[in-house]
Every structure is written in C-alpha cells, then in structure tokens.
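Down below is the structure, laid out as structure tokens.
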Amino acid sequence: MRLDRLPISVLRTRYVPGGWDLLAFVLVFCLFVYMAQAARGLVGSLAHLEATPISLAPAALVGYAARTALRMLIAMLASLVFTFSYATLAAKSRRAEVILIPLLDFLQSVPILSFSLTILFFLQLTPGRVAGAEMAAIFLIFTSQAWNMAFSFYHSLRSIPDEMVEAARNFQLGPWMRFWRLEVPFGMPALIWNMMMSMSGGWFFVTVSEAISVGNTTVTLPGVGSYIALAIAQKNLAAIGWAIAAMFVVILLFDQLLFRPLTASADWFRLEQEAGQTPSSSWALTMMRRSALLGWVGNAFGAMLRLGVKPRPSDTPLARDESRWRARWIDYAWYGLLLLIGAGALFKTMGFVLREVRPGEIVHVIGLGFITLLRVAILIALASIIWVPIGVWVGLRPRVASIVQPVAQFLAAFPANLLFPIVVSAVVMLKLTPDIWLSPLMILGTQWYILFNVIVGASAIAPELRYAGQNFGVHGWLWWKRLALPAVFPFYVTGAITASGGSWNASIVAEVANWGDQRLVAHGLGAYIAEATEAGDFQRSVLGTIVLSLFVVIINRVFWRPLYARAERKFRIS
C-alpha cells in the first residue's frame, strides 16, 4: 500500500515516533553509553590495573557498580545459552542424559574457589592485559548462575504435558519451532524466577569473583566485590554500608528493566489462567510493546524463529523397528566409552593428588565432609519448614508475589561476608563456638532457591483445583496434604536440590570468616578447600573438591533424584 493513500492517523501511529519511542531511545542510548564506559577497562594492561588501587570513596562505587553489573549481564547471557543447549540435550537424549545430569550435579557442587584456578588459564590467553582477568571473573560468576538455570529448564522440559507434545506433533512442528513455540514458553515462568535467583547467586560470590588469590597470583578487578573485600580488610563499616546501598540500587534497576518485564510477559505463557485475573504489569514491558523501534527488533527476531517452520515427517513403523536393535548396541558402546573415560580420569586425578597427600589425610577429609553434610542437612530442613508455607501463601497471591520478588532478590543477593562484622564480633565477644554459629552463613543465600521455586509451584496450581477444594470444604492440614503440598512438591524438590548444592558451595565462604585481623575457622570441608586454595596447594584443593563433589553427587543420586522421580510420577498435575 502506498504511503500517500494511508490516513493521517495511521501514518502517525505507524511511522511517527511517540513518547514511548523517545523513552526507549533514551534508555537504549544510556545502555550503550553505560556498556562503553564499563567495557573501557577491558583493553587496559594489568600493570596499570595493579597501579590503580581500589578506592573506598563512595563516588567510586558508581563506576564499580557499572563494571560488576556488566560482568553479571554477560554471565547471565552465557548462562542462558548454556541452559538452552545443555538442558535441552539432557532432556531429549537418553544417552546424553546419562552423563550430562550427573555432570551437572558435579559442576553444581564444585566450589567457586576451585574454579578460580582457571584464572591462570584466562590470564595466559591475554598476557599482560585486563581482558583475561575479566574473562576469568565472568566465568566465575557464570559458575554461580548456570547450574541452577539448567536444572530448572531441564525439569520443565521433562514435565511438559503429553497433550501439548501430541499437539506439537500433530502440527508437524520441527525441532526449532517446537523449541521456541512450546518448550521455551512452557519453561519460561520457572526459568525467570530461577534467573532472578541465579543473578542473586552471582552477587553472593561477587567478592570471590573479583578479588582472587591463587598461590602467588593475585588479581583485584574494579567492582563492588573488590570494594567489599577491601572494606572488610580495613574494618570500614561506613564503606560496607555504601556497598549495600549500591547493591540495592543495581538490583532495583535489574528488577525494573529486566526481571519485572520478563515476569509480566511470562504470565501469558501459563497453562492455567484464572478468570478475571489481571496479568502482572510493568512500565518497561509497556514501553517495549508500544515502541516502534523495539517492535522492529522483535519482528526481526520473530522472522528468525519462523525460519524453522518445516513439516517433520513421521517415522514409519518399519523404520522404528529397524532402528531399535541398532540403538541397543549403540547404548552398549556409549556406556562402555563413558566407563573407560571415567576410570581414566579417576586414575589421573588420584595420581595427581597422591603426590603430596597421604591416604590418612584422605580419610580425614572425608570426615570433614560428614561434618559439612550434617550442617547442610539441618539447615535445609529448617529452611524448608520456614519457607514452604510462606512460599505457598505468596504464590497464591500474585500481588503479594510482585512485592516479595524484589525484596527476596535483594536478600538472596546479600553476600555472607557482609555479615562478618556482626558474626565475628559476636562469636569473639560471647565466646561462642564457630562450628555452630558460622553455620547459618551457609544457608543465607541458598534458602531462597526453596522459596522461589515454591512460589512458582503455588502460582501454577490450577484455579479449578483450588475451587474444588473450597467446594468440598477442604481446610487445614487436609488442604495441605491433598492439594498444596502435592502441587508444589516437584518445584520444592528442584529448589531443594539447588539449595543443597549451593549450601555445599557456600561452605567455602561460611566456614572461614575474616574481619580485619580476626579470623574464625569452623571444622568442615569448605574451610579445608578455602585454606588450600589460599595457600596455592593444588593437590589438597583438588582433593577437597573431589570429596565435596562425591558427597553432593551421591546424595543427589540416592536421595534427591528418587524423590524427584516420585514427585514427577505421582504428584505432577497436567
């Protein structure tokens, strides 16, 4: 249609920028300026970085917060790519699942300090430049985000209702379109909440990611984490207060510009919509929908998705029969190959460890693992008793959930070492036992995995199911036993698995507390790994990491996975 034949009102609506376009342009322009300023330090030299010490001036936090936020955004993007590829492969391929899910258990349990050894690898990629150290910091933040998101998306793909899968098959959707039209929308509500939790997990370990000491190698990158580490070393309470304020502002910006629009848009992907329920609102989402500039970007992305619309021919029964016997032999070969690779890796690792470590010390490290296991079990039980009822109550009230979301994000992001002044001073003053009173720091950031996943599960309860409970007069404990707990149980198990693995990971921060020249150490596997890594003792660091990972993998295989399989089989509502 020619433009001169269109009405003036249509021309104004379609081609004349409006207020939302102006706001979108300003925000996009500010985003590019912010990214350019924050990324300017990537091309610098390590010598210049070392010659510029971290400043505790409040004004310096503006630039530090920008650098930290950019690292987290890049790590979040990498985590999304990892989630969509890794979790999808694990959910769709039985052979890949055999190795990918235990490997994910293992990676989730590896402490971030053990990953800090990779800083030497990244520094060698760009000798003498800051870019290698930045890549190392982003990778460390990635390790605190990706595993939780991958688990969430994997469980969502495994729980897609059969009728939706059959509908996609009847419409002959190819793998690409099925992924973007069915699987991603179905898993989006749970994934968004876990993205929030993963972003908060990045804040929890930000001091370890930006201020790293591995043997004789020390790298301190400008950022909020380095600022906090220096404030703790100098016992500067005012600086810690400014760091908390900067964290709150950045988390609020993430909530308004990223997570709030995602949460509001995810409401359209829920299977069950209650009649008369008002979807979540977000001014940023309204801007994105009404801005022609961002609309063009969305149309381009939609056109890319439609490239995958190709009918998928179905296999004939004869082809399926012929491939069945071939698949059996491929399975045998695949499992044999995995067994050989695992045996070879175990042999090499034990040879490396036994160069410096005697067998008696291995027994001692296993004993430390049981001490940490006792702490984790008690803390997960207490967190479940507290947060499951609260999560169900919040999840059934969308307005309350929208208020709780940013508050829980901030609390989940609160690094444990910001409480070191209070904890260390109280333990020393009251002559308390570090083995007991340092333990709550382990659950400080990970308990929110349980709360967030239970909120998602409660919000997904079908309205007709709740109405049926009301009509039959189901109240009190019977309501919890027959309706609420079965509905949220699969989501709770997902959160509890991640909270358990995260608590093991957090033990490296919680079992060793520093406040100036005061140092408290609790007996446990986390303290063993932290001290070995700080001393540059790679053999003992690897030993501690292997023992910790074995504890987590065995617990997941023996306890959490059977529990989730039971939840998926007995309590899934579809």
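This structure is a prediction, so every number in the text was calculated from the model and none was measured.
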Heavy-atom pair of closest approach, residues S503 and I380:
OG-CD1, 4.1 Å

On a heavy-atom basis, the closest approach of S384 and I450 is OG-CD1, 3.8 Å

Contacts of T88 that satisfy side chain to side chain donor-acceptor pair (under 3.5 Å) - sequence neighbours left out
none

Among residues at least two apart in sequence or on other chains, which ones pass side chain to side chain contact (heavy atoms under 4.5 Å, CB included) with V81?
none

Is there a side-chain contact between L432 and I436 in this structure, where contact means two heavy atoms from C-beta onward sitting under 4.5 Å apart?
no

If we only count heavy atoms from C-beta on, is the F153 to N194 side-chain gap below 4.5 Å?
no

Look up atom CD1 in I74 and atom OG in S79, then write down how far apart they are to the nearest 0.5 Å.
11.5 Å

Under the 3.5 angstrom rule, does the side chain of T143 hit a backbone N or O of L140 as a donor-acceptor pair?
yes

Which pair of non-hydrogen atoms, one from A150 and one from T83, has the smallest distance, and what is that distance?
N-OG1, 3.6 Å

Closest approach of T494 and N453, non-hydrogen atoms and distance?
CG2-OD1, 4.0 Å

Please test L73 against F254 for side-chain contact (heavy atoms from CB on, under 4.5 Å), starting from the C-alpha separation and ending with a verdict.
CA-CA 10 Å; L73 284 174; F254 276 141; 3.4 Å; yes

Is it true that E210 and R71 make a salt bridge, defined as a side-chain N closer than 4.0 Å to a carboxylate O?
yes

Contact check, side chains of M195 and L80, non-hydrogen atoms, under 4.5 Å:
yes

State the CZ-OG distance between R375 and S439, to the nearest 0.5 angstrom.
4.0 Å

Any chance you could measure Q145, atom CD, to F82, atom CZ, to the nearest 0.5 Å?
12.5 Å

Would the distance check show the side chain of S507 and the main-chain N or O of W504 forming a donor-acceptor pair, the cut-off being under 3.5 Å?
yes

If we ignore hydrogens and angles and just use 3.5 Å, is the side chain of T68 paired with the main-chain N or O of G223 as donor and acceptor?
no

Report, one line per pair, each donor and acceptor closer than 3.5 Å where one atom sits in a side chain of residues 51-60; sequence neighbours left out.
from: T52; atom 1: OG1; to: H48; atom 2: O; distance (Å): 2.9
from: S55; atom 1: OG; to: A57; atom 2: N; distance (Å): 3.2

Angle class for the F179/F84 ring planes (parallel below 30°, perpendicular above 60°, tilted otherwise)?
perpendicular

Could you go step by step and tell me if V376 and S500 meet the side-chain contact (heavy atoms from CB on, under 4.5 Å) rule?
CA-CA 7 Å; V376 171; S500 175; 3.9 Å; yes

Measuring from atom CD1 of I546 to atom CD1 of I529, what distance do you get when rounded to the nearest 0.5 angstrom?
10.0 Å

Would you please test E531 and R540 for salt bridge (Lys or Arg N to Asp or Glu O under 4.0 Å) and show each step?
CA-CA 9 Å; E531 293 182 332; R540 287 175 172 79; over 6 Å; no

How long is the straight-line distance from CH2 of W242 back to CG of L61, given to the nearest 0.5 Å?
8.5 Å

Counting N and O atoms only, with roles assigned by atom type, does the side chain of D435 sit under 3.5 Å from a partner on the main chain of H523, one being a donor and the other an acceptor?
yes

Using the benzene-type ring in the case of Trp, are the ring centres of Y86 and Y154 under 6.0 Å apart?
no

One pair to check against side-chain contact (heavy atoms from CB on, under 4.5 Å): F491 and V454. What are the steps and the verdict?
CA-CA 6 Å; F491 298 88; V454 171; 5.9 Å; no

Name all residues meeting the side chain to side chain donor-acceptor pair (under 3.5 Å) criterion together with S226; count only those two or more places apart in sequence or in a different chain, and write none if there are none.
none

Heavy-atom donor-acceptor pair, S152 side chain to N148 backbone, under 3.5 Å:
no

Check the pair V400 / W393 against side-chain contact (heavy atoms from CB on, under 4.5 Å), numbers first and verdict last.
CA-CA 9 Å; V400 177; W393 186 84; 3.6 Å; yes

How far does OG of S198 sit from CD1 of I192, to the nearest 0.5 angstrom?
12.5 Å

Using side chain to side chain donor-acceptor pair (under 3.5 Å) as the criterion, list what pairs up with T372, not counting sequence neighbours.
E511

Less than 4.5 Å apart, any side-chain heavy atom of I390 and any of I386?
yes

Is there a donor-acceptor pair under 3.5 Å between the side chain of T545 and the backbone N or O of S541?
yes

Spell out, as yes or no, whether a donor-acceptor pair under 3.5 Å connects the side chain of D255 to the backbone of I251.
no

Give the minimum heavy-atom separation between L221 and A137, together with the two atoms involved.
CD1-CB, 3.5 Å

Give me the atom names and distance for the closest heavy-atom approach of A522 to A527.
O-CB, 3.3 Å

With sequence neighbours left out, the residues meeting side chain to side chain donor-acceptor pair (under 3.5 Å) with Q447 are W387

